[in-house]
Every structure is written in structure tokens, then in C-alpha cells.
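First comes the structure, then the notes that go with it.
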Amino acid sequence: MQSTNPYTTDVLDSYETPTDDEVEAAVERAVDRFPAWADRPVQDRCRILDRAGDLLEDRVDEYASLLTREMGKPIEQARAEVEKCAWLCAYYAERAPEQLADEVVGTEADARTLVSYEPIGPVLAVMPWNFPFWQVFRFAVPNLAAGNVGLLKHASNVPGCARAIEDVLHEAGVPEGAFQSLLVGSDTVGGLVEDDRIRGVTLTGSEGAGRAVAEQAGSELKKSVLELGGSDPFVVLDDAPVEATAEKAVTARTQNNGQSCIAAKRFVVHTDVYDEFVGAFEAKLDALTVGDPREESVDVGPLARPDLVDDLHEQVEETVEAGATLALGGEPPDREGAFYPPTLLTDVPRDAPAATEETFGPAAAVFEVESEAEALELANDTSFGLGASVWTADVERGERVAREFEAGLCFVNEYVKSDPRLPFGGVKESGYGRELARQGIREFVNRKTVWVQ
Ligand code: NDP
């Protein structure tokens, strides 16, 4: 397995992939380790996770530069990702004991009834490259705190991050076997999902990968959590402050070089502010600095792999062929690296790829609507249901609209983001189950009813 810098196109490193016997030995190690890890007091496990957070904090620059080298994330955003992982460790170290404590229900006067939350064993995590630290930590930390043991199959283009995460968790005190990274391709996942010893599987990635894993997990009657793509609407109502909203729209679309499941992808704008918003949005997108992601001043770096540029360009071209207007960008630059320019599509037909598919790069699709009702109808007219935001001067109106969104994460006057304290996940084809918070930490546990008469 190789990791390649998408900016320089240099091969950074090569990694041995494990043999079938080595994968088997790793699963066995996980099974062997589970009882002892699960039996430790939750506070002990949390102390170790807290230490992992301290180590991340001490090495923010080292890990940030690894993220930037391996998948092209602008360095400032890479630092923010590592810092957020450190926060997540500290948060669960403090809160997991309470989130996992017995819940006394009290059904009858003469009985003690409660729910206890008990770990289930080895859980497989199939993770993507777009937030190579965050996606893994947000699986690993709550699950390790709950007493499960983890097996990571990270995306094939970020093996360096996979190794670094495994190392830092071990250094913090997570025992060998309680968290292991398997540098395997996606063709190994099926066998692992089928394996009785693996008690659950979580996947973050594309709809196709999600369907493959869900199908298998279903046939094995195995618990799964899926966090798939999104085509989040960003709804600008007629009373929104246009300039400030356009500023947020740029970040919402181009963060992480546009490669985020919760990036705003469809901009649904009321006709009263349409021209002003589109003008401001275009000017701000055009003013972004595209280039070397190691430079502090760079807003948009390369996409993580050359094939992702090809996929995005095809979606943009097909959207224009379907009748959209290309207001900005739309042509990969003639330079080294997997670059795609900030791109603005207006007059986008509702059946064009930029309207119906997830666009994973800095390309925004804008739609004009005549009313709040039409905005909501268009926002919900998608097979996805991950996040959605609405922008207005009237917060009560905003909350009313937000509650009408068919999505898992609904924001008013803020772009959609993940937060260790709040559950994260979607509805419809964006997946099912939740990560993070009380809801997430209780996904891969036996929510056991105990009745003592
Ligand atoms: P994938 O969904 O292919 O990759 C995500 C993870 O799933 C990787 O670890 C990958 O392994 C694994 N995987 C892929 N196919 C299977 C399968 N059939 N069975 C089991 N595991 C599988 O994403 P891509 O990197 O190909 O990106 C394609 C598109 O997916 C993006 O353009 C975007 O639309 C979406 N995506 C969404 C993400 C999100 O955050 N929701 C994150 C990443 C992508 P391997 O790397 O070895 O192929």
C-alpha cells in the first residue's frame, strides 16, 4: 500500500499489507484482549484516552503536517482537526463514565429495574480519507471508553495516518489488541464482516461502500452504523444578511477542499436576495487562494486523489450540458497536483448531477426560489439527509424551517459541523445510526434490561 502526496504527486511511503494469516491473528488478538479491556473500570479506560488527547495536543504540528502531506488538507485546517481530536479525547475521558452509567428506571415499587450499557466485543471501523484523524478518533474513543475493542480498516490512501493513530493510542496505554489498524484493501472487508467474532461494523464513506457493508452485515444479523454522503442544502431566506451569509457559504462549501460529507452543496436562495447573494458568493469564491496546502495563506489545496478530480469534473460538465450556467471555474488547471478550482454553477436543473449527486470538491450549485415553502421543498428534494442549514435574520423563523428539514443535522445561521457533544448522523441515503454524544456511545453496546425483584 502506498501513500502519495496529492500536491507534489510524490510517493511518500510504501507499507506491507498483512497476509490472511496476519489478519486472522489480529482478529484473534482482539478477541483475546476484549474481556480484560471490558473488565477494567471505565475510569481507567478514560484515563488512557485522556493521555491520548494530551499526546495529540503535544504533537499537533507533527500530525497536521502528516495529514497535509497525505491528503492535501490546508495546514491550518489540519491543525484544527488534530486539536479537535484532542478535545474529543478529553471530552469522553470526562463524560463517558456518566454516559455509560446504569440508568435506573423504577417501574414497580418492589422491584429494581435498570438499563446497563455493556460492551459487545470487537467492532470493525471502515473509515475514509477526508478527515483521516477525526473520523477514526470519533469511532475509537467512545467505543474504547465503552469497553469495546476496535479494528480499523482505513482508506487505502492514508496508511500513514492509520499507523500514527494506532501508535499514539498504544503509547497512551491502549493495550495491543484493543485497537489495531489493518492496512488492507476493501476486498478484505467482506470476510471481516462475515466473521462471527466481529460483533459490529461502522462505515463512513460513499453510498456504494455503505450498501456493500450494510448488505453483508444484514445477512449476518450484525449491528451496523453507516455515515454516508450528503448533499446538504444551504437555504438563504429573503431576510438573510447577504454579505455575512455569503462569507459563511464559502467556508461551508470549500472547507477541506470541498471534500466533506457535511459541506453545503446546494445553495437554495430566495429571489429577493438572489442577485446580491450570487454576486457576493462568486466574488468571494474567486478570491480564494488555491495552491500548496502547506502554506498558511492557502484556502484550497488539491483534492486527495487524481480520480476524484475526474469524477468531480464529469459531474460539473454534465451539469452544464443539462442546462446550468458555469459562472466560475469548471476547468481543472494545467498544473501538477490534483487540483480543481472553486466552481460556481447557477440555473442548475433539478435533475442535473450537481443537484442529485454528492459533489466532493469545491463546486457549488445555486438554485433560485420564490418562497420559503419552495425553498423547503427543494431542500428536501434529495435522496440524502445528512445536514442542512438555513440563514435568516429571524431565528424563530429559522428554527421553524430547520425543524422541517429531512436531515440529521439542522443548523440555523451556522454551517453544519460536527461536535463531540452532539450526535452526528443522517437519515435517508445518508445512512443510519449515530456517532458521538450519549446516542453514539450507546450504538455498539448491549442496552441490557435488568429486573431485580
Ligand atoms: P469510498 O466509500 O470508496 O471509501 C471509504 C472507505 O470505504 C475506504 O476505507 C474504502 O477502502 C472502503 N470501501 C470502499 N468500497 C468498499 C466496499 N465495497 N466494501 C467495503 N469497504 C469499502 O470512498 P472514495 O474514496 O472512493 O470516494 C468516493 C466518493 O465517496 C467521494 O467522492 C464522496 O462522494 C464519497 N465519500 C464520502 C465520505 C463521507 O465522509 N461521507 C468520505 C469519503 C468519500 P479503500 O480506500 O481501500 O477503497
Side-chain angles (χ1 to χ4, degrees), residues 1-4 6 15 17-18 70-73 81 124-136 138-139 151-162 165 181-194 198 201-218 224-232 255-263 265 303-316 338 340 353-354 356-363 382-387 408-409 416-418 424-426 428-433 435:
M1 194 174 280
Q2 284 187 333
S3 75
T4 303
Y15 299 80
T17 51
E70 231 176 17
M71 54 70 68
K73 190 185 299 275
E81 180 171 338
L124 172 68
V126 182
M127 289 291 135
W129 43 264
N130 59 340
F131 293 89
F133 264 51
W134 172 252
Q135 309 275 30
V136 176
R138 80 174 181 190
F139 151 73
L151 287 160
L152 167 67
K153 181 267 175 279
H154 214 330
S156 294
N157 55 326
V158 288
C161 289
I165 293 167
S181 164
L182 302 172
L183 297 183
V184 293
S186 57
D187 53 350
T188 304
V189 173
L192 291 168
V193 177
E194 274 174 15
I198 307 283
V201 57
T202 178
L203 178 139
T204 300
S206 61
E207 196 187 314
R211 280 187 196 281
V213 163
E215 225 170 84
Q216 255 175 339
S224 60
V225 167
L226 298 181
E227 199 271 271
L228 309 178
S231 183
D232 288 8
Q255 56 174 319
N256 207 34
N257 306 333
Q259 304 161 120
S260 171
C261 48
I262 47 168
K265 288 162 191 147
L303 303 194
R305 299 189 312 247
D307 62 292
L308 296 163
V309 174
D310 299 339
D311 290 349
L312 181 62
H313 191 46
E314 198 176 309
Q315 288 173 312
V316 169
Y340 203 80
T356 60
E357 299 172 5
E358 174 166 46
T359 49
F360 227 54
T382 167
S383 59
F384 295 106
L386 191 55
L409 307 151
V416 181
K417 51 188 170 187
S418 62
F424 186 95
K428 295 158 80 176
E429 288 175 11
S430 290
Y432 49 75
E435 294 186 281

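It should be emphasised that the depicted structure is a prediction, and the values quoted were computed from it without experimental measurement. Indexing begins at 1, ligand by ligand and atom by atom, following the structure's order. In this chain, residues are counted from 1 in sequence order.
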**Q.** Test log, rule side-chain contact (heavy atoms from CB on, under 4.5 Å), inputs S418 and W134
**A.** CA-CA 10 Å; S418 62; W134 172 252; 3.2 Å; yes
Q. For R138 and E227, what are the C-alpha separation, side-chain angles and deciding distance, and is it a side-chain contact (heavy atoms from CB on, under 4.5 Å)?
A. CA-CA 12 Å; R138 80 174 181 190; E227 199 271 271; 2.8 Å; yes
(Q) Applying side-chain contact (heavy atoms from CB on, under 4.5 Å) to T188 and L182, what does each step give before you reach the verdict? (A) CA-CA 10 Å; T188 304; L182 302 172; over 6 Å; no
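The proximity of Q135 to ligand 1, defined as any non-hydrogen pair under 4.0 Å, is limited to the side chain. At a 4.0 Å heavy-atom cut-off, ligand 1 touches W129 through the side chain alone.
Using cut-offs of 30° and 60° for the angle between ring planes, the F360 and W129 rings count as perpendicular.
Residues meeting the ring-ring contact (aromatic ring centres under 6.0 Å, His included) test with F133, sequence neighbours left out: Y63, F137. Legend: residues meeting salt bridge (Lys or Arg N to Asp or Glu O under 4.0 Å) with K153, ordered by chain and number and at least two apart, are absent.
Where the criterion is an N or O separation shorter than 3.5 Å, residue side chain and backbone included, M127 meets it with respect to ligand 1.
Shown in contact with A212 at under 4.0 Å from a heavy atom are these atoms of ligand 1, numbered in order with element: 18 (N). Under a 4.0 Å criterion applied to the non-hydrogen atoms of V189, ligand 1 contributes the atoms 20 (C), 21 (N). Taking a cut-off of under 4.0 Å to the non-hydrogen atoms of L228, the atoms of ligand 1 that pass are 41 (N). Near S156, meaning under 4.0 Å from one of its heavy atoms, ligand 1 places the atoms 45 (P), 46 (O), 47 (O). Within ligand 1, the atoms closer than 4.0 Å to a non-hydrogen atom of E227 are 41 (N), numbered from 1 in the order shown. Per-residue contacts place P128 under 4.0 angstrom from the following atoms of ligand 1 (heavy atoms of the residue considered): 42 (C), 43 (C). Applying the 4.0 Å criterion to heavy atoms of H154 picks out, from ligand 1, the atoms 9 (O).
Residue nearest to atom 28 (C) of ligand 1, selected from N130, L308, L386, N157: L308 (by heavy-atom distance). Among V158, T204, D187, V126, the residue whose heavy atom sits closest to atom 5 (C) of ligand 1 is T204.
Under the 4.0 Å criterion applied to side-chain N and carboxylate O atoms, E207 and R211 are assigned as salt-bridge partners.
The nearest heavy-atom contact from the protein to atom 26 (O) of ligand 1 is R305 NH2, 3.4 Å. Of the protein's heavy atoms, K153 CE, 4.2 Å lies nearest to atom 10 (C) of ligand 1. Protein heavy atom nearest atom 22 (C) of ligand 1, with residue, atom name and distance: S186 CB, 3.4 Å. For atom 31 (C) of ligand 1, the nearest non-hydrogen atom of the protein is F360 CD2, 3.6 Å. Protein heavy atom closest to atom 34 (O) of ligand 1, with residue, atom name and distance, is E358 OE1, 2.9 Å. Regarding atom 1 (P) of ligand 1, its nearest protein heavy-atom neighbour is S206 OG, 3.6 Å.
The CG atom of L409 sits 7.5 Å away from atom CG of D232, with the distance rounded to the nearest 0.5 Å. Atom CE in M71 sits 9.5 Å away from atom CG in L308 (nearest 0.5 Å).
Residue E215 places its CD atom among 12 or fewer non-hydrogen atoms of other residues, nucleotides or ligands, all under 6.0 Å distant.
Protein heavy atoms are found less than 4.0 angstrom from atom 15 (N) of ligand 1.
Using a 4.0 angstrom heavy-atom cutoff, E357 does not count as in contact with ligand 1. Residue contacts with ligand 1: V213 is included, with a non-hydrogen atom under 4.0 Å away.
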